[in-house]
Amino acid sequence: LTLTELKTRVNDRRRDITTSFVSDNEITRYLNEGLRFLQVENDWDFTQVSASISYVDGTTDYQISAIGNNDFKEPIDLFYTYNYKFTFVGPEEFNYLTTPKFNIWAIDGPVLKIQTNFGTQTLSADYYSTYMAKTSGSSKILELTDGTDEPLMPEYYRDFLVNYAIERIGLKEINKNDLNYAITQKERILNKMKAV
């Protein structure tokens, strides 16, 4: 479902779309608000991303903002080929384990700390992205803006966003039955997403 199709579904569920009480732009804002809600609710599999890090032997600090598309949310894994796995440690522990050299990494605020025992190499980092949508050309983006943009979530969960928008509209239009139904459906879909 694209942004245009999501807005159509929202309007199909509304009782009165003849008034300008809720604008098209407002529906888009509610759909994006639903994406932001999901973003902070969990680390979703559909937001997993891989990026390369040019590790230079002796340099331990790398700015997280320089990794990927400046969309780093939470770390998953760091590795160099399948032979070298890294252990994620806390920043304090990282400082104590610098000699002898271990394959370790840590996050200290805006800095990714890395140390290897094999020297300068290009490493692979898997992480959860802050991006929740994509363009028609499959570029990942923060939110839906163009009519052909789509949420990253699987198709069968996208009605969550419709229910989220209906809940917000229901609060404004005071359609108690529509509001209660949207809240129930939204919670049902969210629970299914978390169970996967």
Between side-chain atoms of residues 181-189 and protein atoms elsewhere (two or more places apart, or another chain), which donor-acceptor pairs fall under 3.5 Å?
from   : atom 1 : to     : atom 2 : distance (Å)
Thr184 : OG1    : Asn180 : O      : 2.9
Lys186 : NZ     : Glu167 : OE1    : 2.9

Under the salt bridge (charged side-chain N to carboxylate O under 4.0 Å, His left out) test, which residues partner Asp149, sequence neighbours left out?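 Salt bridge (charged side-chain N to carboxylate O under 4.0 Å, His left out) check on Asp149 returns nothing, list empty.
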
Side chains of [X] and [Y] in contact at under 4.5 Å (non-hydrogen atoms):
{"X": "Phe72", "Y": "Ser129", "answer": "no"}
{"X": "Ile107", "Y": "Ile64", "answer": "yes"}
{"X": "Ile27", "Y": "Val22", "answer": "yes"}

Expected output: side-chain [X] to main-chain [Y] donor-acceptor under 3.5 Å:
{"X": "Tyr82", "Y": "Phe79", "value": "no"}
{"X": "Thr28", "Y": "Asp24", "value": "yes"}
{"X": "Asn32", "Y": "Leu144", "value": "yes"}
{"X": "Thr4", "Y": "Gly147", "value": "yes"}
{"X": "Trp44", "Y": "Leu38", "value": "yes"}

Lys140 and Asp71 ion-paired at < 4.0 Å: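 No, this pair does not count.
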
Check Glu150 with Arg158, please: is the shortest side-chain N to carboxylate O separation under 4.0 Å?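 The answer is yes: the pair qualifies as a salt bridge.
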
Measuring from [X]:[atom1] to [Y]:[atom2], what's the distance to the nearest 0.5 Å?
{"X": "Leu142", "Y": "Arg36", "atom1": "CG", "atom2": "CZ", "answer": "9.5 Å"}
{"X": "Tyr80", "Y": "Asn103", "atom1": "OH", "atom2": "CG", "answer": "11.0 Å"}
{"X": "Glu74", "Y": "Asp126", "atom1": "CD", "atom2": "CG", "answer": "14.0 Å"}
{"X": "Asp77", "Y": "Leu123", "atom1": "CG", "atom2": "CG", "answer": "11.0 Å"}

Any side-chain donor paired with an acceptor under 3.5 Å for [X] and [Y]?
{"X": "Glu33", "Y": "Tyr164", "result": "yes"}
{"X": "Tyr30", "Y": "Glu26", "result": "yes"}
{"X": "Gln121", "Y": "Tyr55", "result": "no"}

Closest non-hydrogen atom pair, [X] against [Y]:
{"X": "Leu161", "Y": "Leu31", "answer": "O-CD2, 3.4 Å"}
{"X": "Tyr131", "Y": "Gln39", "answer": "N-NE2, 4.1 Å"}
{"X": "Phe46", "Y": "Pro154", "answer": "CD2-CD, 3.6 Å"}
{"X": "Asn95", "Y": "Lys113", "answer": "OD1-CE, 4.3 Å"}

side-chain contact (heavy atoms from CB on, under 4.5 Å), that's the test. Do Ile76 and Tyr128 meet it? Break it down for me. CA-CA 7 Å; Ile76 299 174; Tyr128 292 107; 3.4 Å; yes

Pair Ile67, Tyr127 - check side-chain contact (heavy atoms from CB on, under 4.5 Å), show working. CA-CA 10 Å; Ile67 298 170; Tyr127 63 94; 4.1 Å; yes

I would like to know whether Asn69 and Val49 meet side-chain contact (heavy atoms from CB on, under 4.5 Å); could you show each step before the answer? CA-CA 10 Å; Asn69 294 315; Val49 178; over 6 Å; no

With sequence neighbours excluded, what pairs up with Asn25 under the side chain to side chain contact (heavy atoms under 4.5 Å, CB included) test?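 So Asn25 forms a side chain to side chain contact (heavy atoms under 4.5 Å, CB included) with Ser23, Arg29.
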
May I ask you to decide if the ring planes of Phe118 and Phe86 are parallel, tilted or perpendicular, using 30° and 60° as cut-offs?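 Phe118 and Phe86: perpendicular rings.
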
Going through the distances and angles, do Arg13 and Asn163 end up as a side-chain contact (heavy atoms from CB on, under 4.5 Å)? CA-CA 9 Å; Arg13 295 259 311 273; Asn163 288 304; 2.9 Å; yes

